[in-house]
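Encoded as C-alpha cells, the structure appears first; notes follow it.
For clarity, every value in this text was computed on a predicted model and none was experimentally measured. Residue numbers start from 1 in every chain, and the chains themselves are labelled A, B, ... in the order their sequence lines are given, proteins ahead of strands.
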Amino acid sequence: MHNTLFRFRDVSFNYPGGSSVLEDLNLEIGANELSLIRGESGAGKSTFLQLFNRFCDSGNGVILYHGRDIREYGIEKIRKSIIYLPQIPHVIEGSVEDNLRFPFSFTVHRDNTFDASRAEEWLDYFQLQVSLRDEALKLSVGQKQRISLIRAMLLEPEVLLLDEPGSALDEANKKLIEQKIESLLRSSDVTVLMASHSTVSFAHTSYRDFEIKNRTLKELK
Amino acid sequence: MNAEIINMSWLNVAVTTFLVAAAGLCSVLLKLRLEKDLLIGTIRTFLQLILLGYVLKVVFAVNNPLIVFLLFSFMIFFAARIISGRVTEKRVPYFLPVLASMFLSYMIINLFVMAAIVQVDPWYMPVYFIPIGGMIIGNSMNAIAISMNNWFEGLKKDRGRIELFLSLGATPVESSAENFKSSVKSGMIPSINALMSVGIVSIPGMMTGQILAGTDPMIAIKYQIIIMLLLVGSTALSTVFALHIVRRLSFTSNHQLKI
C-alpha cells in the first residue's frame with residue numbers, strides 16, 4: 001500500500017439548491033496510484049474529479065489531503081499541486097511556447113521558471129511533431145490534448161485529474177495518451193485519476209477501477 | 001458684461017411646443033408612430049423640470065447641508081438604478097455595492113472640487129454642489145454602465161481561458177487581468193474623446209448656460225475646463241471602484257466563475 005494521499009469521509013455533493021449528485025463517498029487514494037472512474041455520462045464523474053481540486057466543494061463530509069482537511073489549504077496551493085484537465089482541451093492564442101509558459105506568470109508558480117529544453121523533451125515524450133514556435137490554435141484536438149498534458153506536467157503536479165481525455169480523440173490518439181499516462185506513472189510519482197465512460201485497459205500498470213452509479217461510488221475489484 | 005438676462009414668460013415657452021407639434025406631424029405623415037412618445041416626453045419634460053425648479057429653489061433657499069446631502073444621494077440612487085437597467089447581466093448582485101462605490105467616489109471628487117478648486121464657502125453651497133455633482137454623476141454613470149457591460153461580455157467570451165487559468169492556480173484577479181483593463185478603458189474612452197473635441201464641434205452645455213446667463217466667456221471657459229478634467233477623473237475613479245467590486249462578485253470563494 002502506498003502512502004495515503006486522499007481520504008474521503010462520508011462526502012456528498014449537491015449543487016446549491018439542486019438535487020444530490022454524489023452521496024456518502026468513502027475511499028482512500030494512495031500516492032502514485034492510477035484510478036479509473038467509470039460511469040454513464042451525467043453520472044457525476046466530472047463532479048467527482050472536481051472535488052479534488054475544489055472546483056466543487058463537498059457539502060457534507062470531509063476530504064483529507066495529506067491528512068488535512070482540503071479546505072484548510074489555499075485554493076491556489078491546491079490548484080498548483082492538483083491539476084484538472086477538462087474533456088475539451090483549451091489552448092490560448094499564441095504559440096505552443098506561450099501556451100506552456102503562461103502559468104509561470106501566476107503568483108503560485110513564482111518559484112518555478114519555464115525551461116524551454118524541458119518543454120522540448122516533453123514534446124518528444126508525447127510524440128508531438130510541433131515546434132515551440134507553432135501557432136497553438138491551428139493544432140488538432142489530439143495535439144491540443146497533449147499540449148494540455150505537457151502544460152500540466154511542466155508544473156510538476158502531485159495529482160492529475162483527467163476528465164475523459166480520450167473522448168474527443170480518434171482511437172490511435174486515445175491509445176497514445178493512455179500509453180503515455182501509464183509510463184508517466186512508472187517514471188514519476190504523479191497520482192492520476194481518470195474519468196472515462198468507455199472502457200480503458202491499461203496493459204502495463206495495475207489500476208483501481210471505480211464506477212459511479214446511482215450517485216454512489218463503488219470499487220469494482 | 002452687463003447683458004440683462006431675458007426672463008421669458010411661460011407663454012414664450014409654450015410657443016415652442018409648436019416645434020414638437022411639427023415633429024408630431026412628421027411622425028403622423030411618415031407613420032413613425034412616435035406621436036404618443038412625443039406627447040408623453042413633452043409632458044414629462046415640463047413636469048420634471050418644473051419640479052426640479054421648485055426643488056432647487058427650496059434647496060438653494062434653505063441652504064442646509066443635510067438637505068444637500070439627501071438630494072445628492074437621491075441623484076446617485078437613481079443613477080445606479082439606470083445603470084442596473086442598462087447592464088444585461090443579472091446573476092451578479094451588484095446593485096448595492098456599485099451604489100456604494102458611486103457614492104464614495106462622487107462624494108470624494110465633489111468635496112475636493114468644492115473645497116479646493118471652486119473654494120465655495122460653505123463647502124456644501126447647493127448652487128455649486130448640486131449642478132456640478134449632477135454633471136459628475138450623469139457622465140460617470142454612462143462610463144460605469146459601459147464598462148460593466150464590457151466586463152460581463154468579456155467574461156462570457158473568455159470563459160474557457162479564464163477557467164483554464166483558474167484550474168492552473170491563477171487567482172481571480174490574475175485570470176481576468178486583461179478583461180479588467182479593457183473594461184476600465186472602455187468606460188474612460190468617451191470622456192477622453194470629449195477632451196479632444198470640446199469647443200470645436202459645439203459649445204458645451206454648461207458654458208452655453210453661463211454665457212446665456214451673461215457670464216464673461218473667459219470665466220465660463222475656466223468652469224468648463226475644470227468640469228472636463230473633473231469628468232475624466234471621476235469616470236476613472238468610479239469605474240475602477242465599481243469594477244473592483246464587480247470583479248470580486250463575479251467569482252465564487254473557491255475561485256470559480258459565477259456566470
Quick check: are there more than 12 heavy atoms from other residues, nucleotides or ligands sitting under 6.0 Å from CD1 of B:Ile226?
yes
Checking A:Phe106 against B:Leu166 for the side-chain contact (heavy atoms from CB on, under 4.5 Å) test, could you report, in this order, the C-alpha distance in whole Å, the side-chain angles of both residues, the deciding distance, and whether it holds?
CA-CA 10 Å; A:Phe106 304 156; B:Leu166 293 171; over 6 Å; no
Side chain to side chain, A:Phe102 and B:Leu164, heavy atoms closer than 4.5 Å
yes
Between chain A and chain B, which N/O donor-acceptor pairs sit under 3.5 Å?
{"residue": "A:Arg54", "atom": "O", "partner": "B:Asn254", "partner atom": "ND2", "Å": "2.9"}
{"residue": "A:Phe55", "atom": "O", "partner": "B:Gln256", "partner atom": "NE2", "Å": "3.0"}
{"residue": "A:Asp57", "atom": "OD2", "partner": "B:Asn254", "partner atom": "ND2", "Å": "3.2"}
{"residue": "A:Arg79", "atom": "NH1", "partner": "B:Leu166", "partner atom": "O", "Å": "3.4"}
{"residue": "A:Arg79", "atom": "NH1", "partner": "B:His255", "partner atom": "O", "Å": "3.3"}
{"residue": "A:Arg79", "atom": "NH2", "partner": "B:Asn254", "partner atom": "O", "Å": "2.7"}
{"residue": "A:His90", "atom": "NE2", "partner": "B:Arg161", "partner atom": "N", "Å": "3.3"}
{"residue": "A:Thr107", "atom": "N", "partner": "B:Glu174", "partner atom": "OE2", "Å": "2.7"}
{"residue": "A:Thr107", "atom": "OG1", "partner": "B:Glu174", "partner atom": "OE2", "Å": "2.4"}
{"residue": "A:His109", "atom": "NE2", "partner": "B:Leu168", "partner atom": "O", "Å": "2.8"}

Taking only residues two or more places apart in sequence, or in another chain, which ones meet B:Phe241 in a ring-ring contact (aromatic ring centres under 6.0 Å, His included)?
none
Measure across A:Val108 and B:Gly169 and return the closest heavy-atom pair with its distance rounded to 0.1 Å.
CG1-O, 3.4 Å
Within a radius of less than 6.0 Å around CZ of B:Phe74, do more than 12 heavy atoms belonging to other residues, nucleotides or ligands occur?
no
